[in-house]
K.L.:
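Here's a structure for you.
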Amino acid sequence: MTELVDSPPTGQPPAAAPASSLSPARRWTVRLFLVLGTILAVVAIFAVWVNRQVLNADNWANTSSQVLANDAVQTQLSTYLVDQVYDNVNVAAELAAVLPPRFKPLAGPAANSLRSPAESATKKLLGRPRVQDAWQVANRLTAQQLIAIVNDQSRFVSTNGNAVILNLRAVVLDLVQRLGLPGVLIGKVPASAGKIKVLDASEVSTIRSGASAIKGLSILLPALALSLLAGAVALSRGRRRGLLLWVGIDLIFAGIAVLVARNLLGTNIVGSLVSTESVKPAASAVWTIATGILVDVAQACIVLGIPVILAALVAGPNTVATAIRRTLAPAFRDHAGPVYGVAAVISGLIVLWEPIPATRKPVLVLLMLVLFVVGIEALRRQTAREFPAASAAAQRAALVERARRAGTSVAGRGRFTRRNGEPGTTASAATTDPLDRLDRIASLHDRGVLDDAEYEAQKAAVLASTR
């Protein structure tokens, strides 16, 4: 006799078609789209970072403030500012001019002895709000100057070929005053003191072309990467839910690849630009802070891949996903309001959590909410097609029935001995009785677990096994 088996619910789709169901050309096209989409996603993350970091004055200024707050950077910058004072002003001569004649020979040693205290005082000075504000203003002006060049809006720079300069002269003058040096020194500090060249005149045209390309690529590359990944899913007829899983994995891989590349590039760039060991901590700190937005974008890509994977798993053809949809079917069909209410609560908690910077931007939050609602509605419709007659009571009864049968199956694996010592039958032998099986089929049909067609098929199978 054959054993009773559960038939798939009405409307349940067949198992996903194997890869061989796709033509070789389409199969290789899908693979190519996945690979190209992943590569473009990696490049797109870098393009978005450069566009946001370099071509946004606010981000540049905010990053510069974080750089100045770093201890290693403050140490190197204080040394640079003090050197600017000593390189542009003869401190020893100025001290000798105000000292009595008999103390004038001490002006040189006094000037040298002031250097170390001056660096310590400067480091403390850099932590004060007034200096940090001046630093941020100087960096914002520099960023605006660079952006004007990129947009070909700076006629002064383009016609005269001047370089882009970070002007810290105001910080140098403030340093002279706070060190208690003679006030006459302020007038003797040249206009070139404290100026750091950011962009040379010969590099203006190159930067302008590259920045214009970055602005376009920061929009084009993400759209193209997502289009290729979506195209791979669209071409995979019969196994699209399986491909959706790979899309999520590819997005997570792209984010992780960027984070790994950031660490490798940071080590190589710092090592190539800085040869002095004492300066490397500051340079490493600058790289870490300057690539903070890069980390945010990469993490956003990873976070985007997680719900894609979850959606593919829940909507997939595997046994666990099918059981989840069967369990959720009554709630999706009969209680749509509470379902969307729970979704709204989850969305609100994610927005309050702010796992990625995108959750702080209203437009992106609205877009994610729309996609979330579309996903839930698609899942509702899928469960409605697969389990049109499912009810909460029927699902509970089915779960109880499966648990009972599982327990019976486990108990039936052992054997018992009759009182006369003869070997007995398994504990589940009673379940092979045709009448018992017909009774169970009728019970499942009455509870709605089996529809009419399934009931007739199971009954016919039992009757055929008795002939």
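Keep in mind the model is a prediction, meaning the values are calculated, not measured.
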K.L.:
Check each of V308, L243, V247 against L229 using the side chain to side chain contact (heavy atoms under 4.5 Å, CB included) test, and report the only one that passes.
P.N.:
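Exactly one option meets the side chain to side chain contact (heavy atoms under 4.5 Å, CB included) with L229, and it is V247.
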K.L.:
Rounded at 0.5 Å granularity, tell me how far OG1 in T267 sits from CZ in R262.
P.N.:
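CZ of R262 is found 10.5 Å from OG1 of T267.
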K.L.:
Just by distance, do the side chain of E386 and the backbone of R325 share a donor-acceptor pair under 3.5 Å?
P.N.:
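Checked: no pair found.
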K.L.:
Is there a donor-acceptor contact under 3.5 Å from the side chain of R380 to the main chain of F332?
P.N.:
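Yes, the answer is positive, given that a donor and an acceptor are paired below the 3.5 Å cut-off.
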K.L.:
Rounded at 0.5 Å granularity, tell me how far CD1 in I252 sits from CD in Q299.
P.N.:
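Output value for this atom pair is 13.0 Å.
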K.L.:
Within the 4.5 Å heavy-atom criterion, are V297 and R52 side-chain neighbours or not?
P.N.:
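Result yes, sub-4.5 Å side-chain heavy-atom pair found.
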K.L.:
Dump the intermediate steps for side-chain contact (heavy atoms from CB on, under 4.5 Å) on F33 and T29, then the final yes or no.
P.N.:
CA-CA 6 Å; F33 277 17; T29 301; 3.9 Å; yes
K.L.:
Apply side-chain contact (heavy atoms from CB on, under 4.5 Å) to residues R31 and W246 and explain how you reach the verdict.
P.N.:
CA-CA 10 Å; R31 293 173 179 174; W246 279 106; over 6 Å; no
K.L.:
Give me the atom names and distance for the closest heavy-atom approach of F372 to A343.
P.N.:
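Taking F372 first and A343 second, the nearest heavy atoms are CE2-O, 3.5 Å.
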K.L.:
Please indicate whether Y340 has more than 12 foreign heavy atoms, meaning atoms of other residues, nucleotides or ligands, lying under 6.0 Å from its OH.
P.N.:
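Buried by this count: over 12 neighbours within 6.0 Å.
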K.L.:
In Å and rounded to the nearest 0.5 Å, what is the OG to CG distance from S227 to L36?
P.N.:
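So the gap between those two atoms works out to 12.5 Å.
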K.L.:
Let me confirm one number: the OG-CZ distance from S64 to R140, rounded to the nearest 0.5 Å.
P.N.:
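With rounding to 0.5 Å, OG (S64) is 8.0 Å from CZ (R140).
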K.L.:
Taking R239's backbone N and O only, do any of them form a donor-acceptor pair with S236's side chain (distance below 3.5 Å, no angle check)?
P.N.:
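Side chain of S236 to backbone of R239, a donor-acceptor pair under 3.5 Å: no, none is there.
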K.L.:
Could you grab the distance from atom CZ of R381 to atom CD1 of I376, nearest 0.5 Å is fine?
P.N.:
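Rounded to the nearest 0.5 Å, the CZ-CD1 separation comes to 13.5 Å.
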K.L.:
How close do C301 and G255 get, heavy atom to heavy atom, and via which atoms?
P.N.:
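Looking at all heavy atoms of both residues, the closest pair is SG-N, 4.2 Å.
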K.L.:
Which pair of non-hydrogen atoms, one from A321 and one from L313, has the smallest distance, and what is that distance?
P.N.:
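Closest heavy-atom pair between A321 and L313: CB-O, 2.8 Å.
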K.L.:
Quick one: does L328's side chain get under 4.5 Å of F387's, heavy atoms only?
P.N.:
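SC-SC contact between L328 and F387 ruled out.
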K.L.:
Can you check whether N70 reaches T288 side chain to side chain, under 4.5 Å on heavy atoms?
P.N.:
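Result no, sub-4.5 Å side-chain heavy-atom pair not found.
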K.L.:
Side chain of S284, backbone of P281: donor and acceptor closer than 3.5 Å?
P.N.:
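No, S284 side chain to P281 backbone: no donor-acceptor pair under 3.5 Å.
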K.L.:
Where do A44 and L221 come nearest, in terms of heavy atoms and distance?
P.N.:
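It is CB-CB, 3.6 Å.
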K.L.:
Taking L245 as the fixed residue, which of L310, D250, I309 is the one that meets the side chain to side chain contact (heavy atoms under 4.5 Å, CB included) rule?
P.N.:
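Exactly one option meets the side chain to side chain contact (heavy atoms under 4.5 Å, CB included) with L245, and it is I309.
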K.L.:
Could you give the distance from CD1 (I306) to CD1 (I249), rounded to the nearest 0.5 Å?
P.N.:
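I306 CD1 to I249 CD1: 12.0 Å, rounded to 0.5 Å.
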K.L.:
How close do S218 and A47 get, counting heavy atoms only, and between which atoms?
P.N.:
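Closest pair (atom of S218, atom of A47, distance): CB-O, 3.8 Å.
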K.L.:
Before giving the answer on side-chain contact (heavy atoms from CB on, under 4.5 Å), spell out for T291 and Q53 the whole-Å C-alpha distance, their side-chain angles and the decisive distance to 0.1 Å.
P.N.:
CA-CA 8 Å; T291 54; Q53 182 63 69; over 6 Å; no
K.L.:
Considering all heavy atoms of both residues, which atom of A298 and which atom of I45 are nearest to each other, and what is their separation?
P.N.:
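Result for this residue pair: N-CG2, 4.0 Å.
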K.L.:
With heavy-atom distances below 4.5 Å as the criterion, would you say the side chains of K123 and T79 are in contact?
P.N.:
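Result no, sub-4.5 Å side-chain heavy-atom pair not found.
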K.L.:
Apply side-chain contact (heavy atoms from CB on, under 4.5 Å) to the pair W287 and L265, showing each step before the final yes or no.
P.N.:
CA-CA 9 Å; W287 171 259; L265 288 174; 4.0 Å; yes
